[in-house]
There are 2 protein chains.
Amino acid sequence: MRHTTITDLAKKLGISASTVSRALSDHPDINDNTKKRVRKLAKEYNYKPNPIAQSLKNNRTTIIGVIVPEIQHDFFASAISGIEEVAYHAGYTIIVCQSNENFEREVVNTNALIQQRVAGIVASISQTTKNSDHFKSVIERGIPLVFFDRACEDVSASKVIIDDSKSAFNAVTYLIEKGYKKIAHFAGPKALEICKRRLEGYAEALNKAHIHISKELICFGGLHETDGYNSMDFLIKQNIIPDAIFAVNDPVAIGAFQRIKEAGLRIPDDIGIVGFSNNKITTLVDPTITTIDQPSFEMGKKAAEILVGLIENENKSVKPKTFILDAKLIIRGST
Amino acid sequence: MRHTTITDLAKKLGISASTVSRALSDHPDINDNTKKRVRKLAKEYNYKPNPIAQSLKNNRTTIIGVIVPEIQHDFFASAISGIEEVAYHAGYTIIVCQSNENFEREVVNTNALIQQRVAGIVASISQTTKNSDHFKSVIERGIPLVFFDRACEDVSASKVIIDDSKSAFNAVTYLIEKGYKKIAHFAGPKALEICKRRLEGYAEALNKAHIHISKELICFGGLHETDGYNSMDFLIKQNIIPDAIFAVNDPVAIGAFQRIKEAGLRIPDDIGIVGFSNNKITTLVDPTITTIDQPSFEMGKKAAEILVGLIENENKSVKPKTFILDAKLIIRGST
DNA sequence: ATTTTTCCTGCAAACGTTTGCGATTACGTT
DNA sequence: AACGTAATCGCAAACGTTTGCAGGAAAAAT
């Protein structure tokens with residue numbers, strides 16, 4: 001089965017390909033009767049223009065590139081889903097790449113997307129991203145770019161984020177109001193902006209309540225379960241037992257959760273826990289975990305909507321904007 | 001910034017574009033010295049052939065299309081990740097579409113991928129897929145197609161699946177050996193082959209142990225948490241309390257799990273639970289849930305590997321094969 | 001009858017690449 | 001000197017689409 005081409009239609013009708021093309025795009029030059037004949041035959045043969053040929057003309061496809069650290073991760077899977085949803089309805093398809101939290105691979109992916117002449121890119125950067133030259137060259141090429149959640153600060157592109165600092169502040173303030181005093185923070189990689197901001201929020205909340213910030217209560221680590229587990233393990237072995245933990249994200253909270261249970265401590269009586277992201281898991285463990293709802297699906301949707309807007313208003317080069325979505329504290333059993 | 005073209009190089013070197021093309025593909029007609037000059041300049045300008053122009057010639061891209069019911073779903077996110085991994089190393093990119101368990105959308109997605117001239121398609125069908133005409137037209141067009149997990153039985157394509165029936169049989173047999181007698185099954189939509197097979201395995205295990213199969217212990221529903229919750233709720237309200245539940249998948253198991261806890265019943269003492277898929281969640285709840293490890297990442301990888309093989313050996317039209325991956329019963333606290 | 005205007009349509013180029021075939025040159029052979 | 005044979009390379013077409021421009025025919029105006 002071959003695809004029907006515009007020339008096939010032209011031959012059948014005894015007219016030229018250019019007339020068919022114009023008829024299908026409702027060009028005023030073309031006779032109404034001719035248009036009708038063309039449209040009828042096009043429908044009959046289920047003709048659809050070859051997107052590759054169109055792309056070659058426009059030097060651009062109708063594909064949106066997506067770069068995320070890890071597809072499996074709840075947050076990103078859900079964001080991708082939001083992006084796909086918007087793209088689908090706007091007539092785009094999405095190419096998904098994962099950097100595996102690896103800088104080099106992120107660069108390769110970005111260049112591959114540029115190569116492929118994607119119409120635009122939605123990205124969330126890896127933990128190990130050292131510089132942003134690859135994203136800058138996206139901008140230079142005039143390819144619309146939107147970051148979500150994890151953005152490159154020195155790239156002039158729109159972003160969809162949440163107010164990490166404020167959210168962290170709220171969560172920790174809530175813990176303080178609940179009566180918790182010795183509040184630890186299981187922080188993420190210092191290189192990631194969002195982690196820095198969550199740490200800032202934590203510190204601000206303590207400051208405001210005139211609680212001394214103890215360095216030994218701040219444990220740096222990665223973003224996975226094992227990191228939370230290890231941090232908690234480290235504290236326990238040093239016999240430093242906080243009465244509450246604010247974790248940089250849910251997996252880390254879950255890791256701490258497990259180690260606490262292993263230690264025979266009770267949640268929330270002995271130790272309270274607050275996570276970050278509102279992963280599904282937090283509603284399934286016992287007790288359920290207090291967390292901050294990071295609207296992943298909506299962030300993906302919003303980012304894609306902005307991107308589509310940029311793609312379709314290419315003339316007006318709008319100034320990059322930062323969109324801050326609401327992240328609400330969801331109080332559950334762990335506090 | 002424009003992309004460097006083959007003509008740019010040709011002009012700089014004062015030779016023709018065809019010579020440049022041949023030089024870069026190491027054609028024997030071309031003088032070694034010329035090749036060197038061409039390669040050097042190509043490197044200098046970081047020349048990469050325009051994939052769109054190549055696609056137009058070949059009438060095929062280097063993109064692999066992926067269709068799944070839901071990207072967010074743990075199993076599929078992980079499978080996509082496996083597909084991406086293989087594709088990346090084989091020099092392909094992946095376009096990801098989700099059907100949202102909707103038949104019409106699956107058809108639209110499939111046609112869009114055909115339109116885009118993808119090199120091949122990896123798919124897992126939706127719950128509501130009524131017929132397979134869209135997949136048949138993929139085959140007719142000569143586009144390689146591989147199913148994973150949920151396959152269309154009447155389409156002649158390779159599949160990567162697990163032995164659902166046998167796995168279910170093993171799980172239920174294990175429950176019987178453990179001493180459970182009144183074993184319920186929370187089944188999935190009858191339209192899905194995999195659900196049918198899991199039900200079969202359940203029935204076989206009971207038969208073999210000469211346990212009567214009671215219809216009231218088989219609850220049909222969907223594949224989500226709420227379905228498991230509702231099934232359990234239904235049983236409880238009818239005062240039918242099984243001593244074990246074999247759920248069609250993990251979300252359903254989790255749903256049942258929650259309702260059981262709400263009812264004040266103990267797991268595994270009052271009711272044992274077995275899930276299916278080995279989602280991460282099953283290790284995080286208390287007690288952890290016995291389940292069948294469905295190697296999602298590996299299934300994605302395997303499917304992609306087969307697909308790449310098919311794409312690159314296009315001449316030899318191999319007979320479709322079915323690959324059955326191992327799915328092991330993982331015994332945990334819930335039984 | 002001639003010119004102008006309007007309406008419709010086709011030609012050809014362009015996007016960037018690949019490739020069959022023919023052309024050119026150099027070199028060795030008779 | 002005449003010819004054959006490699007060794008190199010370029011022309012042009014093709015993939016399918018879009019679009020500026022020119023051209024033809026018919027209708028209207030002079």
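Residue numbering restarts at 1 for every chain, and letters A, B, ... go by the order of the sequence lines. The shown structure was predicted, so the numbers you read here are calculated from the model rather than taken from an experiment.
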Non-neighbouring partners of D154(B) that pass side-chain hydrogen bond (donor to acceptor under 3.5 Å, both in side chains), sequence neighbours left out: S132(B)
Distance test, side-chain N/O of S16(A) to OP1/OP2 of dG10(C), below 4.0 Å: yes
Set of residues satisfying side chain to side chain contact (heavy atoms under 4.5 Å, CB included) with respect to K11(A), sequence neighbours excluded: none
What does the list of N/O pairs under 3.5 Å between the protein and nucleotides 20-25 of chain C look like, with a distance for each?
from    : atom 1 : to     : atom 2 : distance (Å)
dG20(C) : O6     : R22(B) : NH1    : 3.3
dG20(C) : O6     : R22(B) : NH2    : 2.7

Summary of salt bridge (charged side-chain N to carboxylate O under 4.0 Å, His left out) pairs that have at least one residue in residues 73-87 of chain B, sequence neighbours excluded: R105(A)-E84(B), R105(A)-E85(B)
Selection: residues 34-56 of chain B, any non-hydrogen atom under 4.0 Å of DNA chain D: T34(B), L56(B)
Set of residues satisfying side chain to side chain contact (heavy atoms under 4.5 Å, CB included) with respect to A157(B), sequence neighbours excluded: I139(B), L145(B), F147(B), V155(B)
Within residues 42-81 of chain B or reaching into it, pairs that qualify as ring-ring contact (aromatic ring centres under 6.0 Å, His included) - sequence neighbours excluded: H73(B)-F76(B)
By side chain to side chain contact (heavy atoms under 4.5 Å, CB included) - contacts of P144(A) (at least two apart): L307(A), L310(A), I311(A)
The helix from dA1(C)-dT30(D) to dT30(C)-dA1(D): angle between end helix axes, five pairs per end, rounded to 10 degrees: 80°
Sequence neighbours excluded - salt bridge (charged side-chain N to carboxylate O under 4.0 Å, His left out) pairs with any residue from residues 36-51 of chain A: D26(A)-R39(A)
Residues from residues 137-144 of chain B lying under 4.0 Å of DNA chain C - heavy atoms: none
Outermost DNA chain D nucleotides near chain B [under 4.0 Å, heavy atoms]: dT8(D) to dG16(D)
